[in-house]
Amino acid sequence: MKIKPYRGIIWIVFLFTVGPVSSADYPAPAEADFTVRDFKFASGETLPELRLHYRTLGKSEKDGQGKTTNAVLIMHGTTGSGAQFIRPEFAGELFGPGQPLDATRFLIVLPDGIGHGKSSKPSDGMHAKFPRYGYNDMVEAQYRLLVDGLGVNHARLVMGTSMGGMHTWLWGEMHSDFMDALMPLASLPTQISGRNRAWRRLVADAIRNDPAWNGGDYKTQPPSLRTAAEMLWFMSSNPVLRQKEAPTLAKTDEVLDKFVADYLKNSDANDVLYAIEASHDYDPGPSLEKIQAPLLAINSADDLINPPELGILEREIKRVPHGRAIVIPMSENTRGHGSHTIAALWKDELAKLLQQSEH
């Protein structure tokens, strides 16, 4: 199946501006922790207590057979958390009354992945002794959270952005009968390679080869965390936007310095290193035919991490039995890789997917 160009309405939405629906128009998320006892990682390591933090909006509903009918799992990107979705440009476009994921109709689950947010992570105290986790571990933990923690035995929709998009492909393969629909955003269904691998390797090498990292046992954050922040700034948007916000040498330094300073306030080098390296086991390619639920993959043409000129999405989507893919053209409204969180760009397609996957 060929990739279809996006022809939906393009809304004028800018990051961090107030969208058409305020936070008061959807319920505040409830936060909680779920502990998995003796969680065994694919590496063979075990954590006696794995803490999974999560946010929920709405209430679970079940049919006459006890099957959950309205659960929606939304997974975040690398070094992010479920909190990133509680923003006007995402929640304000999706979770309000009459919107595609109306929180009065759906149970929306926003977990913090292993190593991220308020879930168990290296900076809690284990540092570099924390188990070496991968994407398969993260998906398994999410599954345990839904089934054992929340009593959710079926999902109406599984979706995610960036790393969460990659997790969505894995969900479709590892738990193929668990969901009615899948929507990975800003991701490719293939092993990390090329430039995508290179920028991750650059960050990991900078941290591991920094004498101040000290094998993970540092007292203050090593200087290499600054390099990681700069690389994340570089990869996360498109060149046109970066030029607009940083049109001179001095302005570029000012913008970059501010981004890095803000990033360093709440970041940890071990957490970043683990999160970047967690993609080591991501390889959905060999099992794409196992995905049974309708799947809609959405990327943007100005995504530096998943550039459309590679042709990977167009080639691989043909192998997904009920797969479809869209690449949103670059415009003044796209944000490069960050377009995945600007829901106005793709929420009409989400609504179609939900309608088409109704039973």
Side-chain angles (χ1 to χ4, degrees), residues 34-54 73-82 111-124 126-148 158-176 178 182 184 186-194 196-205 207-208 216 228 232 268-288 290-291 305-306 316:
F34 173 65
T35 300
V36 181
R37 308 287 178 187
D38 298 319
F39 185 86
K40 187 172 183 178
F41 294 79
S43 65
E45 298 167 279
T46 299
L47 202 59
E49 294 186 351
L50 173 65
R51 182 182 68 258
L52 298 173
H53 188 76
Y54 64 94
L73 174 66
I74 307 178
M75 299 166 290
H76 62 77
T78 304
T79 73
S81 74
D112 291 353
I114 297 174
H116 291 69
K118 298 178 184 177
S119 292
S120 294
K121 54 187 181 293
S123 62
D124 289 342
M126 293 185 70
H127 307 295
K129 295 181 178 64
F130 193 83
R132 189 67 51 181
Y133 66 87
Y135 282 7
N136 288 305
D137 295 316
M138 299 178 84
V139 169
E140 180 58 25
Q142 292 156 4
Y143 179 80
R144 300 279 292 275
L145 167 63
L146 288 184
V147 176
D148 300 334
V158 173
M159 65 179 287
T161 62
S162 191
M163 176 181 73
M166 291 186 275
H167 289 176
T168 302
W169 295 98
L170 295 177
W171 260 94
E173 296 178 355
M174 295 168 65
H175 304 286
S176 60
F178 192 85
L182 297 152
S187 63
L188 292 173
T190 191
Q191 191 178 67
I192 301 292
S193 59
N196 195 1
R197 168 59 178 165
W199 79 263
R200 296 166 190 268
R201 173 72 184 272
L202 188 155
V203 170
D205 283 356
I207 295 174
R208 288 189 176 279
L232 289 171
D268 175 84
N270 279 331
D271 290 348
V272 171
L273 176 62
Y274 270 71
I276 290 292
E277 292 188 334
S279 60
H280 69 88
D281 65 346
Y282 176 68
D283 190 11
S287 300
L288 289 175
K290 294 181 180 179
I291 299 175
I305 295 177
N306 305 294
E316 297 301 308

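Heavy atoms only: backbone and side chains are in, while hydrogens, waters and symmetry mates are out.
- Panel note: side chain Asp137, backbone Ala42; a donor-acceptor pair is recorded below 3.5 Å.
- Under the 30°/60° scheme for interplanar angles, the aromatic rings of Trp171 and His175 are found to be tilted.
- The minimum heavy-atom distance between Thr78 and Arg200, with the atom names listed, is OG1-NH1, 4.2 Å.
- Between the CE atom in Met174 and the CD atom in Gln142 there is a gap of 9.0 Å [rounded to 0.5 Å].
- In this view, Ser120 and Leu47, Leu50, Arg51, Asp124, Phe130 satisfy the side-chain contact (heavy atoms from CB on, under 4.5 Å) rule, not counting sequence neighbours.
- Remark: Asn306 CG to Met166 CE distance equals 7.0 Å, nearest 0.5 Å.
- Here CD1 of Ile192 is found 9.0 Å from CD1 of Ile305. Values are rounded to the nearest 0.5 Å.
- Nearest heavy atom pair, residue Pro284 against residue Leu170, reads CB-CD2, 4.1 Å.
- Considering all non-hydrogen atoms of both residues, Gly165 and Ser187 come closest at C-OG, 3.6 Å.
- The minimum heavy-atom distance linking Ala128 with Tyr274 is given by the pair O-OH, 3.0 Å.
- One finds the CG atom of Asn196 at 11.0 Å from the CD atom of Gln191 (value rounded to the nearest 0.5 Å).
- With hydrogens and angles disregarded, a donor-acceptor distance shorter than 3.5 Å links the side chain of Ser119 to the backbone of Asp112.
- No side-chain heavy atom of Met75 sits less than 4.5 Å from a side-chain heavy atom of Met138.
- Judged purely by atom type and a 3.5 angstrom limit, Thr168 uses its side chain to pair as donor or acceptor with the backbone of Gly160.
- For Asp281, the side-chain contact (heavy atoms from CB on, under 4.5 Å) test picks out Tyr135, Asn136, with sequence neighbours left out.
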Intermediate values then yes/no, side chain to side chain contact (heavy atoms under 4.5 Å, CB included), Tyr143 and Asp148: CA-CA 8 Å; Tyr143 179 80; Asp148 300 334; over 6 Å; no
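- Checked by atom type and distance alone, the side chain of Glu45 pairs as donor or acceptor with a backbone atom of Arg132 at under 3.5 Å.
- Using a 4.5 Å heavy-atom threshold, the side chains of Lys121 and Asp268 count as separate.
- His76 and His116 have tilted rings, their planes meeting at an angle from 30° to 60° on a 0 to 90° scale.
- Between the side chain of Thr46 and the backbone N or O of Lys40, no donor-acceptor pair lies under 3.5 Å.
- Taking every heavy atom of both residues into account, Pro122 and Asn270 meet most closely at CB-CB, 3.9 Å.
- Residues that satisfy the salt bridge (Lys or Arg N to Asp or Glu O under 4.0 Å) test with Glu140, not counting sequence neighbours, are absent from this structure.
- Under the 4.5 Å side-chain criterion, counting only non-hydrogen atoms from C-beta, Leu288 is in contact with Trp169.
- Expressed to the nearest 0.5 Å, how far CG of Leu145 lies from OG1 of Thr35 amounts to 10.5 Å.
- Note that OG of Ser279 is 6.5 Å distant from CZ of Arg197, once rounded to the nearest 0.5 Å.
- Of all heavy-atom pairs spanning Tyr54 and Leu52, the tightest one is CD2-O, 3.7 Å.
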